[in-house]
Amino acid sequence: MAQDQQSTPKYSLLGHVGHLTHEQEVVLQEFKSRLQAAGLYIPGDESGSKKPSHTDATLLRFLRARQFNAAKAVKQFSDREAWAKQMNLDSLYHSYDVDEFTSAQCWYPMWIGRTDRMGYPIHVFRLASLDAKRIQSINKVPLEKRYETITVLHELLIRGTAPLCSTLPSLSYPTPVDGTTTIVDLEGVSFSLMWNLRTHLQQASVLANANFPETMGMTWIVNAPSFFSTVWGWLKVWFDENTRRKIHVLSHSQLHLLRVEIPAENLPKRYGGDLNWEFDERPKLDDRAKDIMKDFNGEVPRGPWELRDGKVVLGKDLANQKREQTLVEVNGGEKA
């Protein structure tokens, strides 16, 4: 199982933008060529006025997931694009019900509004908050609807949260932010609760591995009960080897190690930091992020949103734009 840490492991930047070996640079170019030939990638121009269809950070996630095997990465990327088309992903994300979106966020890791020292957004998942009433409400939701919810929450990370964290002013991170750091708190969790949540957790893990590869950064499991080694036995099969290496267990006496990776002002007090934040609360943004969110009173929008050209745009507004564009096309270039 994931081992208790005597010191914090270092996140490897190898394979990220700005940290490629010569061989990896060659494979990246091969990957782009293969995708372009398959109609899955459109390059930008040299002037920078035309952006590529996908950033290098996105493409490198697929390459890292497949150990820089271009052919295997093309297969996963192609499968992901086909899945997105089948899901009608843009429409799903932009039109997802705001109330459903907000209420479902507590079923999964929640962004606290802060970042670690690498710039990765910090998410916290406190399983004990999923009490009997919440589990009952989760189980009432059809699996297909739950799948859509998980999808939208993952899309929020790559469309909104991670790009926002990458563009926070006055910060200089070693590579673009393309994932998340997660604290999984198992305090007060019973074996029966873990067992009852196994399908819920497995669905999220399988979806992430297949369609959102390498978005999971360091994952810190804290306050693990004595039976966790048994639970880990059936959890670990859901993750590939790359992902398993990022999962680390800290005993209660080792919580101070989190401050090596996370500034005290960005770490909740419950885990040894100075931030007043508890699970179920809204993200608590710092002043830099509040400035980017100034059109929303310095708070994260409650529904799906994206960061486009440095500006926060609501999903519902993008959906309206799409409908207007469709009407124009139907009416021969004129608005109805």
Side-chain angles (χ1 to χ4, degrees), residues 1-3 11 58 61-62 64-67 72-73 75-77 79-80 83-84 86-87 89 92-93 101 104-111 120-130 134-135 138-139 141-159 161-162 178-186 189 191-225 227-250 279:
M1 62 173 283
Q3 299 296 315
Y11 187 83
T58 296
R61 286 198 292 105
F62 286 84
R64 292 198 304 274
R66 292 295 174 259
Q67 291 76 50
K72 291 182 178 180
K75 175 65 166 61
Q76 184 174 16
F77 190 95
D79 289 346
R80 202 274 182 188
W83 166 83
Q86 180 183 10
M87 292 287 295
L89 192 53
L92 172 67
Y93 185 75
F101 178 87
Q105 283 184 299
C106 65
W107 301 350
Y108 304 96
M110 301 182 72
W111 183 38
Y120 276 39
I122 302 166
H123 286 69
V124 170
F125 193 19
R126 184 169 165 77
L127 266 70
S129 295
L130 297 179
R134 280 185 171 170
I135 292 177
I138 292 173
N139 290 335
V141 178
L143 281 176
E144 182 179 351
K145 185 62 178 180
R146 268 190 267 172
Y147 188 83
E148 290 180 352
T149 301
I150 303 169
T151 297
V152 169
L153 291 174
H154 276 292
E155 283 292 311
L156 174 63
L157 172 66
I158 63 176
R159 294 180 186 233
T161 311
D178 59 3
T180 179
T181 288
T182 305
I183 298 173
V184 179
D185 186 354
L186 300 182
V189 172
F191 185 86
S192 61
L193 175 62
M194 293 292 294
W195 182 256
N196 289 335
L197 287 173
R198 68 190 187 284
T199 300
H200 176 68
L201 299 173
Q202 183 179 20
Q203 187 181 45
S205 300
V206 171
L207 172 69
N209 283 335
N211 298 304
F212 300 91
E214 290 293 304
T215 53
M216 192 180 100
M218 288 293 189
T219 296
W220 308 98
I221 297 175
V222 301
N223 300 319
F227 60 79
F228 181 71
S229 58
T230 300
V231 173
W232 179 246
W234 45 267
L235 284 179
K236 66 182 180 180
V237 299
W238 302 343
F239 305 105
D240 58 34
E241 184 58 34
N242 280 349
T243 301
R244 286 198 293 269
R245 283 198 293 265
K246 300 175 189 175
I247 301 174
H248 307 279
V249 180
L250 295 181
F279 194 77

Student: Would you verify whether the NZ or CZ of Arg198 falls within 45 degrees of the ring axis of Trp195 while also being under 6.0 Å from that six-membered ring's centre?
Tutor: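 Yes.
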Student: Could you tell me if the side chain of Asp178 sits less than 4.5 Å from the side chain of Glu214, heavy atoms only?
Tutor: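 A side-chain contact is absent here, since even the closest heavy-atom pair is not under 4.5 Å.
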Student: Do Arg126 and Met110 touch side chain to side chain, with heavy atoms closer than 4.5 Å?
Tutor: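 No, too far: nothing below the 4.5 Å cut-off.
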Student: Would you indicate whether the side-chain heavy atoms of Ile150 and Trp107 approach each other to under 4.5 Å?
Tutor: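 Sidechains of Ile150 and Trp107: no contact.
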Student: So does Lys75 have more than 12 non-hydrogen atoms from other groups sitting under 6.0 Å from NZ?
Tutor: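 Not more than 12 within 6.0 Å, no.
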Student: Check whether Asp185 reaches the backbone of Val124 with its side chain - one donor and one acceptor, N or O, closer than 3.5 Å.
Tutor: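 Between the backbone of Val124 and the side chain of Asp185 there is no qualifying donor-acceptor contact (under 3.5 Å).
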Student: Hey, is CD on Glu241 packed in by over 12 heavy atoms from elsewhere, all under 6.0 Å?
Tutor: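 Check passes, neighbour count above 12.
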Student: Under a 4.5 Å cut-off applied to non-hydrogen side-chain atoms, are Thr182 and His123 in contact?
Tutor: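 Of all side-chain heavy-atom pairs linking His123 with Thr182, at least one is under 4.5 Å.
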Student: Determine the minimum heavy-atom distance between Leu130 and Leu193, stating which atoms define it.
Tutor: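 Smallest heavy-atom distance, with atoms named: O-CD1, 3.6 Å.
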Student: Under 4.5 Å between any side-chain heavy atoms of Val249 and Trp232, yes or no?
Tutor: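 Side chain of Val249 against side chain of Trp232, heavy atoms only: no contact under 4.5 Å found.
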Student: Answer yes or no: is there a side-chain heavy-atom contact under 4.5 Å between Leu157 and Phe212?
Tutor: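 With C-beta onward as the side chain, the pair stays apart.
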Student: When you measure from the centre of the six-membered ring of Phe62, is the NZ or CZ of Arg80 under 6.0 Å away and within 45° of the axis?
Tutor: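 Judged by the rule, Arg80 and Phe62 form no cation-pi pair.
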